[in-house]
Amino acid sequence: MKPITVTMQSFGSYLNRTVVDFTKLGDNAIFLITGATGGGKTTILDAMCFALYCKATGGRRSWSSMRSAAAPMGAETLVEFTFQLAGETYRFARSQSLYEARGSGALKTRESHACYRMKDGEWELLLSGAEARVREKAEELLGLTCEQFSQVIVLPQGDFLKLLLSSSRDKTQIFQTLFATVRWERATRNLKELASSLSREAGELEAAKKSILEQEAVENLPQLEQKQAALEKQLAQVQKERQAAEETLQKQNASVRVAEALTEQFLSLDKLKKRWEELERRADEMEKNRTKLEQARRAAGVYPYFAACQSAQKELALKQRSFQAARERFQAAEKALQSARQQLPLAKECRECLPRLSQKEANLLRVRESAVRYQDVQKRCADTQKRINEQEKKQLEAVTRLQTAEQQLRDGNTYIQQVQREISRMPQLLQEVQRLMDTDAAAALAGHLQEGVPCPVCGSVHHPNPARPSTRLQAAQEALQKARQSADRLERAQKRLQERQEQREQAQRDCDAGRDAVSALRNMLEGQEATLRELEQTMGDLRALPEIDRQLSAVRAQSRDSAARAEKLEQNASHAESAAAAAEAAYKATETAQREAEAAVQAAQKQLDDSVLQAGLHPEEDYAALLLPPEQIQALEQMLTAYKAARESAYQQISALETELKGKAMPDLAAVRGAQTQAQKHVGELAQSFGKLEQGLASALQSLERLERLEQEGKQVEQAYARSSRLAMLLSGKNAYKIPLQQFVLGVMLDDILTSANQFFATLSSGRYSLNRITGPTGGNALSGLDMQVFDAYTGGARAVETLSGGELFLASLSLAFGLSDVVQSYSGGVHLDSLFIDEGFGTLDQETLDTAMKALAQLQSMGRTIGIISHVSELKNRIAAQIVVGKDPEGGSTAEVRMQ
């Protein structure tokens with residue numbers, strides 16, 4: 001992978017949009033990322049990693065910590081990374097912005113994630129949307145996770161120097177950071193925790209067994225089995241006693257039921273006898289009700305005729321009142337008709353004045369129309385006069401502009417003639433200047449000299465004292481310069497003169513148009529004034545619209561009132577005639593109805609007298625008082641029938657019970673129930689004893705089962721604990737080699753890294769040195785397995801790493817860093833990263849070691865790698881030409897600029 005560009009905005013310390021173009025550094029270059037401490041050097045690498053994985057280097061920082069604190073709320077946080085990989089060009093882009101939600105105003109986040117590939121000169125979208133999908137695409141292309149990418153592209157050289165000089169225990173902590181091998185330590189810790197957990201579980205099982213034995217009040221399993229057998233024997237004995245007691249209780253229950261039934265029969269006989277006595281007391285009352293019912297039935301045959309006679313009399317009284325009222329209404333209608341006929345001449349007079357009012361209304365309408373038109377024409381006259389005044393003002397302005405334009409045109413012609421005279425002198429001035437320069441060649445040559453440009457005579461790039469031209473030459477040159485300036489001004493002057501000519505012509509056109517417009521407007525005004533005079537003659541003295549409208553309203557109101565009054569009088573006469581005719585008809589009809597009602601009363605009275613005789617009632621008797629409503633008659637019939645049935649039923653029941661109870665006595669129910677209670681109590685006591693024994697037996701069986709299960713589980717847990725504790729001790733380093741599992745794994749990985757690192761170390765040390773891991777057991781209690789030594793080809797033996805010089809230690813640590821990078825890449829699918837970054841580590845080097853380091857980096861560069869050094873060491877600025885300089889933005893952020901010294 002080779003970076004091309006990195007773009008940042010509101011990211012880290014880069015507030016404004018910043019683009020770092022790596023192509024300006026050249027191919028296979030060593031370049032320096034320099035700037036003040038904390039200025040934003042490492043942020044460039046964070047942006048590369050963030051664009052790929054949405055996390056900064058090491059996977060520790062996300063959006064919230066990478067957004068610029070000084071960025072305004074609406075500013076977008078943006079990172080883009082463009083790079084080449086396996087002949088293809090890719091671009092990964094991520095952005096985040098804040099916005100206020102509608103309504104609530106709460107801050108919300110909007111993110112964008114996408115990756116592209118260059119195809120036929122244009123970007124082709126590969127993926128967009130979810131952050132994880134774009135990160136997975138980066139892992140697929142590079143074969144590296146975020147943590148692995150951070151390890152192989154950013155090499156903290158200072159950490160590898162510590163790695164070389166530290167003990168095995170210290171190396172373990174460093175490797176956990178570099179190799180992310182904490183999972184092996186976690187495996188050992190998990191195994192220890194498993195052994196501890198099994199130990200606790202075994203103790204808990206033993207405590208559970210002890211608790212069960214204490215609960216059952218026994219000391220061991222055999223005693224619990226004996227307790228179970230004893231409980232089963234007691235339970236069988238109680239069950240036999242319980243069955244015998246339940247049989248006795250059933251017999252007592254049957255005796256109680258027989259005694260209760262016989263007692264109920266004796267009590268029922270007493271209730272029936274009391275009921276019979278009550279019925280006997282009501283016999284007289286029932287006889288009276290029977291007589292009342294018979295009289296009501298006879299009177300019911302007469303009642304319809306009585307009611308008919310009463311109704312006929314009421315109808316006669318009603319007809320008589322109607323006749324009297326109809327006669328009074330007829331008399332009143334006759335009077336109203338005479339009064340209405342007397343008002344008809346007045347209605348005729350109102351009708352005759354309507355045409356005169358209509359003609360007056362029409363005349364007023366014509367006058368009003370003329371008045372409205374008169375006001376409109378007056379308004380138009382005023383508008384026309386206003387337009388005339390405005391047009392005259394514009395015409396005056398046009399005349400002024402015309403005069404100004406003519407004056408400017410004359411001045412321009414004079415200026416151009418003067419310039420043309422100056423230009424005509426140019427050939428003569430050129431000859432004069434050339435002649436004077438020929439006589440003063442040194443001054444002419446000095447006029448072309450420039451600081452920093454070699455002199456054509458002596459070759460010097462500095463000209464401290466050039467020759468000066470003569471006074472005549474200077475005057476001639478100044479005159480020629482003025483003539484040339486005049487030539488330059490001529491074209492502009494002619495252009496301005498043409499513009500002034502056009503301005504004069506436009507002003508002339510405006511003057512002519514103004515005169516025509518004023519003339520037309522004056523003719524229009526004269527016509528409008530003539531119309532006003534004609535309208536004044538038409539209107540006469542009545543010209544005010546309010547007065548015209550007032551008179552018009554009065555005429556219309558008078559016309560409406562006359563028409564309404566005439567119509568009302570005519571309608572009154574018509575209604576009076578109709579009312580009189582209707583009243584007369586009603587009067588005659590009520591008279592006839594009265595005579596018919598009198599005949600109906602006589603007929604109804606005769607039918608009533610005949611029906612009284614037939615029913616056997618006295619004519620003078622109040623048979624209306626004997627009448628009963630139908631529902632009361634029905635109620636009396638039902639009551640008498642029910643009384644008869646109740647007597648018969650009581651008699652029959654008493655006879656039957658006396659026959660059945662003959663020779664029997666009332667039983668002692670309390671004594672029988674007492675015996676039943678004693679039997680129930682005995683059964684309950686036996687059931688309670690049986691329940692306790694049954695519960696005790698169930699608890700013993702359950703405890704026995706749990707105890708046997710706990711015994712089996714305890715054996716399994718003890719076996720598992722023995723295995724796990726032994727394995728945990730081995731993996732934690734309590735073995736012959738004193739190497740924990742994590743250090744063993746780290747040792748294997750360290751062997752691979754040393755193999756790759758020695759290829760670099762051999763090249764950088766001209767084949768003299770290589771690094772080896774010390775294997776085999778060590779004395780004492782110290783952990784081992786990660787210690788290193790140096791093999792010196794010059795001496796043919798191994799020696800401690802600490803014996804290397806400062807420069808040699810730097811080469812060893814640098815080789816170890818590159819070895820780690822290659823091994824991680826090979827573990828991740830063989831992806832080759834052509835560009836690597838070394839983060840700091842140069843600040844403590846002396847001059848000799850720094851020289852050695854630079855020679856080593858030059859050798860690595862010749863192997864085809866682009867190496868970036870992140871450092872603020874000033875000495876590196878003089879040694880490395882290609883630089884990315886990180887500085888301060890005037891607005892408070894950081895800037896990054898590619899420079900080639």
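All values reported here derive from a predicted model rather than from experimental measurement.
With sequence neighbours left out, the salt bridge (charged side-chain N to carboxylate O under 4.0 Å, His left out) criterion links Glu278 to Arg275. Among residues two or more places apart in sequence or in another chain, the salt bridge (charged side-chain N to carboxylate O under 4.0 Å, His left out) test is passed with Lys386 by none.
Within 6.0 Å of CG in Asn523 there are more than 12 heavy atoms belonging to other residues, nucleotides or ligands. Shown here is Arg242, whose CZ atom has more than 12 heavy atoms of other residues, nucleotides or ligands within 6.0 Å. Within a 6.0 Å sphere centred on OH of Tyr651, other residues, nucleotides and ligands contribute 12 heavy atoms or fewer.
Side-chain contact between Thr77 and Ser95 is absent, with no heavy atoms from C-beta onward closer than 4.5 Å.
If you check the side chains of Glu637 and Thr641, you find no donor sitting under 3.5 Å from an acceptor. Gln324 and Arg327 form a side-chain donor-acceptor contact under 3.5 Å, judged by distance and modelled atom types alone. Of the N and O atoms on the side chains of Gln676 and Arg673, not one donor lies less than 3.5 Å from an acceptor on the other residue. Side chains of His113 and Glu111: a donor-acceptor N/O pair is present below 3.5 angstrom, by distance only. Side chains of Glu76 and Gln96: no donor on one and acceptor on the other come within 3.5 Å.
To the nearest 0.5 Å, atom CD of residue Gln378 and atom CD of residue Gln375 are 7.0 Å apart. Here the straight-line distance linking atom NZ of Lys319 with atom CD of Glu315 works out to 4.5 Å at 0.5 Å rounding.
A donor-acceptor pair is defined here as one N or O able to donate and one able to accept, closer than 3.5 Å; no such pair exists between the side chain of Ser699 and the backbone of Gln695.
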Between Glu658 and Lys273, does a side chain to side chain contact (heavy atoms under 4.5 Å, CB included) hold up when you go through it step by step? CA-CA 11 Å; Glu658 287 178 344; Lys273 288 180 178 180; 3.5 Å; yes

